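To keep things clear, I will list the structure first and then write my remarks on it.
Everything numeric in this text was worked out from a predicted model, so none of it was measured.
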Amino acid sequence: MKKTVAIICFVLAAGVLGYWAMDGQHMANQFKTLKVTTVEDPFGEDEKKKVWVEEFHLGLMDGALPAALGLMGLGAAFLFFEHRSRRKA
């Protein structure tokens with residue numbers, strides 16, 4: 001039972017880091033991002049329109065890394081207790 005929970009913790013930690021990698025690998029959480037679009041005005045010239053959009057992007061230092069390390073530590077603790085209980089029996 002403990003071994004299964006440990007494996008689930010390791011898979012969740014890998015999932016958190018995978019989500020962080022797929023989301024753009026930001027160092028800190030981002031809640032607003034700048035979107036730049038090119039719009040052609042009536043005179044035929046290109047204008048760049050900048051808009052701040054509220055989005056969430058997971059950061060490494062204040063999101064993904066603490067969660068992954070916590071899950072990995074929990075998984076290691078479960079493996080340690082599993083090994084310890086088997087050694088006693």
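Within the structure, the ring-ring contact (aromatic ring centres under 6.0 Å, His included) test picks out the following pairs touching residues 17-38 (sequence neighbours left out): His26-His57, Phe31-Phe56. Every pair tested for side chain to side chain donor-acceptor pair (under 3.5 Å) that includes a residue from residues 34-47 fails, sequence neighbours excluded, so the list is empty.
Ala67 pairs by the side-chain contact (heavy atoms from CB on, under 4.5 Å) definition with Val16, not counting sequence neighbours.
Through side-chain heavy atoms spaced under 4.5 Å, either directly or across other Ile, Leu, Val, Met, Phe, Trp or Tyr residues, Phe78 is tied to Met1, Val5, Leu74. As a member of the Ile/Leu/Val/Met/Phe/Trp/Tyr network built from side-chain separations under 4.5 Å, Trp52 groups with Leu34, Val36. Counting Ile, Leu, Val, Met, Phe, Trp and Tyr side chains that sit under 4.5 Å apart, directly or through other members, Phe80 shares a hydrophobic cluster with Phe81.
In this structure, Ile8 is a member of the same hydrophobic cluster as Leu71, with clusters built from ILVMFWY side-chain heavy atoms closer than 4.5 Å.
Across Lys3 and Glu82, no two heavy atoms sit closer than the pair N-OE1, 4.0 Å. The nearest pair of heavy atoms linking Ala6 to Gly75 is CB-O, 3.3 Å. In terms of heavy-atom proximity, Leu58 sits nearest to Gly63 at CD1-CA, 4.0 Å. Closest non-hydrogen pair, Ala68 versus Ala13, comes out as O-CB, 3.7 Å.
The backbone N or O of Gly59 sits less than 3.5 Å from a side-chain atom of Asn29, completing a donor-acceptor pair. With hydrogens and angles ignored, the 3.5 Å screen pairs no side-chain donor or acceptor of Asp62 with any backbone N or O of Ala28.
One finds the CG atom of Leu17 at 13.5 Å from the CE atom of Met22 (value rounded to the nearest 0.5 Å). Distance check: Leu69 CG to Leu65 CG gives 4.5 Å after rounding to the nearest 0.5 Å. Arg86 contributes atom CZ, which lies 10.5 Å from atom NZ of Lys2 (distance to the nearest 0.5 angstrom). Distance check, rounded to the nearest 0.5 Å: CG of Asp23 to CD of Glu55 gives 9.0 Å.
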